[in-house]
Every structure is written in C-alpha cells, then in structure tokens.
Amino acid sequence: MGDPLKIGIIGGGGWLGGAIAASILDAGLVQPRDLSLSYRREQPHRFAGSFWTTDSQRLADRSDVIIVSVRPADWQPLAVNAGGKLVISVMAGIRLRELAKHHNTDRVVRSLPNAAAEVGKSYTPWIGSEGVNDQDRAIVRATFDACGAQDEVASENDIDYLTGLSGSGPAFPALLADAMMRDAVSRGITPDVARRAVTAVLVGSGRLFEKSGECPAYTVEAFVGYRGTTAAAIEAMRDAGFDAAVRDGLAAAFQKSVDMGNSS
Ligand SMILES: NC(=O)C1=CN([C@@H]2O[C@H](COP(=O)(O)OP(=O)(O)OC[C@H]3O[C@@H](n4cnc5c(N)ncnc54)[C@H](OP(=O)(O)O)[C@@H]3O)[C@@H](O)[C@H]2O)C=CC1
Ligand SMILES: O=C(O)[C@@H]1CCC=N1
C-alpha cells in the first residue's frame, strides 16, 4: 500500500469546499490528519484533527492533491504554486489552460459538482488536462464518487453546458418549490402544510424517478394520457411557456460559464 493520500482544499471553509471535505472524510478517502483546509476570514469550527490555515501555499506544500474551491472572482489574486501536483478545480468558468498556467502544473482537472454534495448526492462532470495520468483519474473519481456520482466528459464545452444543467441544477427544483409554495399560501393553505406538501413532492418524485429509471418524457406522457388533473396542469404550464423558460434558463447559464472563461 502506498503512503496515505494528503489532500488540501483551498476555500475549505466555504459551502462546497466544506461539503467535499465532509464527503471525502466520511468515505475514508483521506484521514483527518492528512486533510488541510484554507480559509480567508474566520476559521470554521469543523473537521477536528485536520489542519486549518490562511496560507494556501502552505496547504499546497503539505498536500498531494489540491482542490481549489474559492469563488471565481477570488481566484486571480490567489497565488498558489502547485509545482506539478494534481490540482482539481470546482470553480465555474475557469478553463484548464488558465488553471495550469496559474498554478504551475500540467496536471489539472476542471470539475463542476453541485450543492447536493452536502448530502452526498452531487452529480459531478469533470475533464482532465493531457498531463493527468491514470492514478490522478482514479483520485478524481474517488473524490466525486464520495460526493455522489461523477462522469468524465469529452470537452470543456460539455463542462460549460453542464455547469448550468447540473451545477446550478439544485436551484431549479428550489425555484419550482418556491413558486408552488407561494401559490399554495396565496390560496389559503398554511405555510407549514404547504412546505411539508412541497418537500414531500420533491423528495418523493426524486426517489421515484431514480427507482424507475424511466425516460422523463415517458413519465410526462403517461400523466398526460391519464387525462386528469395532472394533464390539465402540464398542458397549462406548457402553454404558459414552461419548456421555453427551461431552455432559456439553461442557455443563460451556459453562456455565463463561457463568458467567465473568456474573462478569466
Ligand atoms: N455552491 C455551489 O452550489 C457550487 C459552487 N461551485 C463553485 O465552487 C466554488 C466555491 O463556491 P462556494 O463554496 O459556493 O462559495 P463560498 O463563498 O461558500 O466559499 C468560498 C470560500 O473561499 C474562501 N476564500 C476566498 N478567498 C480565499 C483565499 N485566498 N484563501 C482561502 N480561502 C479563501 C472564502 O472565505 P471567506 O468566506 O472568508 O470569504 C469562502 O469560505 C466557486 O468557484 C463556485 O463556482 C461549483 C458548483 C456548485
Ligand atoms: O452559481 C454559480 O455560479 C455556482 C456554479 C454552479 C452552481 N453554483
């Protein structure tokens, strides 16, 4: 067996960095003493036994793998020389070429998890640079399997598109849930009941969807074919522009990711 893996998470005090840290610790991919996390302002009281620092270069020096999880706007001023080590970025928009140049390594991975990493249910597409080897790939898979599911994809264009589809994805059911809740409350349903009803719909339909493995079009058609209340709702939502709203939203996220890459 080789030496235990040492992992550092720059921005480990943040939302996604903290979720990844919790997932890889839970999965036993890294031991607490081999995990380093950097923060900027206030040290979070999490991950006892791990190494917290404000010095991200120190973190990089004591790690084999460096995960970069700061907001894209905070990345340019982040001067960290990885010296050829594996760098895994979870940042939206930042391209492989820029990552390699900025961190002085040809072993870089661009990935895009989502907020469900917090409950071990992220979906994470990723792509590696030419310098990434088979062992690096195995580390990336293990890292994002610990957070949910992952796929290596064919191009950075795929990452830009999936940044909207799955990276931003958890926001879309939240948007639907919010609209449903507000409608329910406006019709006199108590907020408590509305919240419980909407939460049950989201969680229950997610589980159902996962279990059946059906194509969503088939499910929708089955409901439409029933010719009841659900068909009435689906047809009214579609007439009101549901499909176009989703298409335009995904296009806006895709474009934003490309624009962020052009300006980084
Ligand atoms: N949240 C999400 O759902 C997803 C996020 N992402 C990507 O993940 C990245 C992180 O996002 P998220 O976790 O939401 O953001 P957060 O703001 O929650 O976390 C970023 C963290 O980075 C810290 N930070 C900033 N600069 C430095 C620095 N120089 N050294 C050490 N720490 C620093 C911040 O500290 P401080 O609070 O003190 O400023 C903060 O805790 C982003 O690039 C985003 O694009 C990708 C997919 C999904
Ligand atoms: O909204 C964002 O920019 C980040 C990236 C994908 C999800 N959250």
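Counting convention: from 1, in listed order, for ligands and their atoms alike. Just so you know, residue 1 is the first one in the sequence shown, and it goes up from there.
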Enumerate the atoms of ligand 1 whose separation from the nearest heavy atom of [X] is less than 4.0 angstrom.
{"X": "L112", "answer": "46 (C), 47 (C)"}
{"X": "D74", "answer": "25 (C), 26 (N)"}
{"X": "L78", "answer": "29 (N)"}
{"X": "S38", "answer": "31 (C), 32 (N)"}
{"X": "A115", "answer": "3 (O)"}
{"X": "V90", "answer": "6 (N), 7 (C), 8 (O), 46 (C)"}
{"X": "P113", "answer": "47 (C), 48 (C)"}

Ligand 1 N/O within reach of [X] N/O, cut-off under 3.5 Å:
{"X": "T54", "result": "no"}
{"X": "A92", "result": "yes"}
{"X": "R71", "result": "yes"}
{"X": "E42", "result": "no"}

The one among [options] that brings a heavy atom closest to [atom]:
{"atom": "atom 19 (O) of ligand 1", "options": "S89, G14, P77, G12", "result": "G14"}
{"atom": "atom 9 (C) of ligand 1", "options": "L16, I9, V70, T53", "result": "V70"}
{"atom": "atom 20 (C) of ligand 1", "options": "S56, G18, S168, S69", "result": "S69"}

With no hydrogens and no angle check, do the side chains of R62 and S36 hold a donor and an acceptor under 3.5 Å apart? yes
Modelled atom types, side-chain donor and acceptor of D160 and T163, under 3.5 Å: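 There is no such pair (donor and acceptor under 3.5 Å, judged by atom type) between the side chains of D160 and T163.
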When you measure from the side chain of S122 to the backbone of N114, do you find a donor-acceptor pair of N or O atoms at a distance under 3.5 Å? yes
Backbone N or O of S38 within a donor-acceptor pair of the S56 side chain at under 3.5 Å? no
Mind telling me whether W75 and H102 have parallel, tilted or perpendicular rings, with 30° and 60° as the class edges?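 If you compare the ring of H102 with that of W75, the planes turn out tilted.
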Given I10, which partner from the list V70, T53, L37 fulfils the side chain to side chain contact (heavy atoms under 4.5 Å, CB included) test? V70
Counting C-beta onward and ignoring hydrogens, is there a side-chain heavy-atom pair between [X] and [Y] closer than 4.5 Å?
{"X": "S69", "Y": "W15", "value": "no"}
{"X": "T199", "Y": "L202", "value": "no"}
{"X": "V90", "Y": "F144", "value": "yes"}

Part of P170 within contact of ligand 1 (heavy atoms, under 4.0 Å):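 Near ligand 1, P170 shows nothing, with every heavy atom at 4.0 Å or more.
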Ligand 1 contact on Y39 by region, counting heavy-atom pairs under 4.0 Å: backbone
Tell me: protein heavy atom nearest [atom], and distance?
{"atom": "atom 37 (O) of ligand 1", "answer": "R41 NH2, 3.7 Å"}
{"atom": "atom 1 (N) of ligand 1", "answer": "W15 CE3, 3.4 Å"}
{"atom": "atom 23 (C) of ligand 1", "answer": "G11 CA, 3.9 Å"}
{"atom": "atom 35 (O) of ligand 1", "answer": "R40 CB, 3.7 Å"}

Determine, step by step, whether R196 and D192 satisfy the salt bridge (Lys or Arg N to Asp or Glu O under 4.0 Å) criterion, reporting the C-alpha distance in whole Å, the side-chain angles of both residues, the deciding distance to 0.1 Å, and the verdict. CA-CA 6 Å; R196 278 163 56 76; D192 261 11; over 6 Å; no
Among all the protein's heavy atoms, is there at least one whose distance to atom 7 (C) of ligand 2 comes out below 4.0 Å? yes
I'd like to check atom 2 (C) of ligand 2 in this structure: does the protein have a heavy atom lying under 4.0 Å from it?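 Flag for atom 2 (C) of ligand 2 set to false, no protein heavy atom closer than 4.0 Å.
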Which atoms of ligand 2 have any heavy atom of G167 under 4.0 Å away?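 What qualifies from ligand 2 is 6 (C), 7 (C).
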Subset of ligand 2 atoms that lie under 4.0 Å from at least one heavy atom of A92: 5 (C)
For the hydrophobic clusters of this structure (ILVMFWY residues joined by side-chain heavy atoms under 4.5 Å, transitively), does one cluster hold both Y123 and V109? no
Same hydrophobic cluster for V198 and F172, using side-chain heavy-atom links shorter than 4.5 Å among ILVMFWY?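 No, no single cluster joins them.
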Working for salt bridge (Lys or Arg N to Asp or Glu O under 4.0 Å), residues E156 and R95: CA-CA 8 Å; E156 288 204 69; R95 296 188 186 141; 5.4 Å; no
CZ of F223: more than 12 outside heavy atoms within 6.0 angstrom?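 Atom CZ in F223 is not packed in, count stays at 12 or less.
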